[in-house]
Protein chains: 2
Amino acid sequence: MRILVVEDDPDLGRQLTEALEQAGYAVDLAPDGEEGLFLGETEPYDAAVLDLGLPKLDGVRVLEKWRAAGKDLPVLILTARDRWSEKVAGFDAGADDYLTKPFVTEELLARLRALLRRTAGHANAALECGDLRVDTHAARASVNGEPIKLTAHEYRVLNYLMHHQGRVVPRTELVEHIYDQDFDRDSNTIEVFIGRLRRKIGSNRILTERGLGYRLIDPKAEKITE
Amino acid sequence: MRILVVEDDPDLGRQLTEALEQAGYAVDLAPDGEEGLFLGETEPYDAAVLDLGLPKLDGVRVLEKWRAAGKDLPVLILTARDRWSEKVAGFDAGADDYLTKPFVTEELLARLRALLRRTAGHANAALECGDLRVDTHAARASVNGEPIKLTAHEYRVLNYLMHHQGRVVPRTELVEHIYDQDFDRDSNTIEVFIGRLRRKIGSNRILTERGLGYRLIDPKAEKITE
DNA sequence: TGTCACACTGAACGCGGTCTGAACACTCAC
DNA sequence: GTGAGTGTTCAGACCGCGTTCAGTGTGACA
């Protein structure tokens, strides 16, 4: 999952970036409204954390422009001001959630998890696909109750696939959502991760659609045609 | 839109009900956890506002039971306690949003709007032609619910035909939309793909108009003339 | 009915996407 | 510094899929 943070305070920005990266997200940080607007329009983020008081371009304006451009990524708004009229303005500009400074990092993470979950169409806190489970809070996976030991990047790949289970996910999309901006495009890292994942969770769970991408399925529910 | 409010305080309950009805929602009020659980499981609500401190059955338990029963309606949690650890617990039980008492009614309404808006965005684009379906998001096709295994190019051909069903699509047009610029004109690749497609989805679905092109139809709706 | 052009089919080939094991680079913990 | 754990690169092998081709089938028209 790839998150855009738009925050002008360098300290808070760094702190947020660190916390999110620690939680397993790929993070880009924009220090002002203009750059935030540009990044949000050009890069495929799964969610954005947006400060309201920003230099160059206000947070609400950024959000409005994203929405006007058809961007429907979930946005969590952040602000020092706690007057409810501004919260409401933020919401009606198209924000999905709102957090008032100061806040506890845990709560930001929890709200972000809920947002990502809901966006992917899942209500449950734990993602499930047959007897494969991913606990997004603890960042742990299990098959049939048996915990599986995953590395950070293996977890990211699996997590993204779980959020889009049943769908064909192109390799390029996987790359874009797992790494932040600069990444060597022609590399077979993803294939290696897929291979290692298959060995850990069972090889019949991740299908490869040749020329299209990968697809996560529940092998019990879905009989493989042919 | 139909909303369930689970709140034990009679004053607050009435106040919420009024505000929501004023905003145009249909509202049911449950005074304790047990009734809330029952109503949420049996009636088709679009969202729920759930207090955490409830008699008979705690809010988090209610939420967990809903989720366990497969109910995925968006839930906004309400509580007097503002300790963040409980918020996080609420989120990870499957809540979509959280509000701490006391709150401004406007903010509750704004959060509810955001929640409903986000939840509504899940109509996945599927093309249909009789009992033939192509889910353009998942890049999958099915006939009569049975999934069909297609190769990348077969899928492209079918997808284009689905977008122009009923119309005669010249072979040249098909070629132009499936390949990039340079393509050997005298080749019968398209015919081969059409043939393979017919074998997979049923041969009577793609008509060939001699000298003109191909036409995708619903064989049940359209009786073959002559 | 015969002819011709167009369309279909099955088989075969070879490119290239995908997989895998192993080696390498790097970062931490001790 | 040493070792384990992790991310990345590389080369070789595999095999699925797009393409080609030859042979057959079929509609249009005289």
Side-chain angles (χ1 to χ4, degrees), chain A residues 18 21-22 24-26 139-141 148-161 168-175 177-180 182-216 224-226, chain B residues 139 141 148-161 168-175 177-216 224-226:
Chain A
E18 272 173 24
E21 279 175 349
Q22 189 110 24
Y25 301 105
R140 309 192 65 181
I148 306 278
K149 200 169 174 333
L150 295 179
T151 71
H153 277 208
E154 283 165 7
Y155 174 77
R156 287 196 199 184
V157 172
L158 179 59
N159 189 37
Y160 192 81
L161 288 176
V168 175
V169 179
R171 208 196 331 274
T172 55
E173 185 182 329
L174 220 37
V175 167
H177 284 84
I178 281 162
Y179 297 94
D180 42 19
D182 24 293
F183 179 75
D184 181 19
R185 305 194 141 272
D186 45 347
S187 144
N188 74 336
T189 335
I190 294 295
E191 294 165 43
V192 177
F193 282 133
I194 293 286
R196 290 177 182 169
L197 262 179
R198 283 208 250 244
R199 206 172 311 152
K200 290 183 178 180
I201 67 172
S203 58
N204 54 351
R205 284 195 157 78
I206 303 178
L207 306 183
T208 114
E209 310 279 354
R210 198 165 249 261
L212 296 173
Y214 297 100
R215 195 154 62 83
L216 183 73
I224 290 89
T225 40
E226 272 131 307
Chain B
I148 307 278
K149 200 170 179 315
L150 296 179
T151 70
H153 278 213
E154 284 165 6
Y155 175 77
R156 286 200 211 177
V157 172
L158 179 59
N159 192 35
Y160 191 80
L161 288 176
V168 175
V169 179
R171 209 197 328 268
T172 55
E173 186 182 331
L174 219 38
V175 166
H177 283 85
I178 282 162
Y179 296 95
D180 39 13
Q181 294 199 310
D182 30 295
F183 179 75
D184 184 17
R185 305 193 134 271
D186 46 348
S187 147
N188 73 336
T189 343
I190 294 295
E191 294 165 43
V192 177
F193 282 134
I194 293 287
R196 289 178 183 168
L197 262 179
R198 283 209 250 245
R199 202 174 313 153
K200 289 183 179 181
I201 67 173
S203 57
N204 54 350
R205 284 196 158 78
I206 302 177
L207 306 182
T208 113
E209 309 282 352
R210 208 178 168 78
L212 297 173
Y214 297 99
R215 195 154 63 88
L216 184 72
I224 290 89
T225 41
E226 277 128 303

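Naming: A, B, ... by sequence-line order, numbering from 1 per chain.
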Whole angstrom value for the distance that separates P of D/dC17 from OH of B/Y155: 16 Å
Donor-acceptor under 3.5 Å (A/R210 side chain, B/A152 main chain): no
Closest non-hydrogen atom pair, A/E209 against A/V168: CG-CG2, 3.8 Å
Euclidean distance, atom OH of residue A/Y179 to atom P of D/dG7 [Å, nearest integer]: 8 Å
Parallel, tilted or perpendicular: ring planes of B/F193 versus B/H153, cut at 30 and 60 degrees: tilted
Which atom of A/A26 lies closest to which atom of A/Y179, heavy atoms considered: CB-C, 3.8 Å
Gap between atoms NZ and C1', on A/K200 and C/dT20 respectively (whole Å): 16 Å
Whole angstrom value for the distance that separates C1' of C/dT9 from CD1 of B/I206: 15 Å
Nearest heavy-atom neighbours spanning B/K200 and B/K149: NZ-O, 2.9 Å
Any A/T151 side-chain N or O less than 4.0 Å from OP1/OP2 of D/dG7: yes
Whether over 12 other heavy atoms sit under 6.0 Å from B/R198 CZ: yes
Per-nucleotide protein contact string for nucleotides 24-30 of chain C (B base, S sugar-phosphate only, - none; heavy atom under 4.0 Å): -------
N/O (side chain, A/R199) to phosphate O (OP1/OP2, C/dT20) under 4.0 Å: no
Heavy-atom closest contact (A/R205 atom, A/I201 atom, distance): NH1-O, 2.8 Å
Whole-Å distance separating the CD atom of A/E154 from the P atom of D/dT8: 11 Å
A/Q22 atom CD, neighbour heavy-atom count above 12 within 6.0 Å: no
A/N188 CG to D/dA11 C1', straight-line distance once rounded to whole Å: 10 Å
Heavy-atom pair with the smallest gap, counting every atom of A/G24 and A/R156: O-NE, 3.1 Å
Rounded interatomic separation in angstrom, taking CG from A/L150 and P from D/dG7: 10 Å
Phosphate OP1/OP2 of D/dT6: any A/K149 side-chain N/O under 4.0 Å: yes
Touch class at under 4.0 angstrom, heavy-atom based, for B/R196 against every strand present: base
N/O-N/O pairs, protein side and nucleotides 5-7 of chain C side, under 3.5 Å:
from, atom 1, to, atom 2, distance (Å)
C/dA5, N3, B/R210, NH2, 3.4
C/dC6, O2, B/R210, NH2, 3.1
C/dA7, OP1, B/G211, N, 3.0
C/dA7, OP2, B/R171, NH2, 2.6

Interatomic distance, B/I190 CD1 vs D/dT20 P [rounded to whole Å]: 11 Å
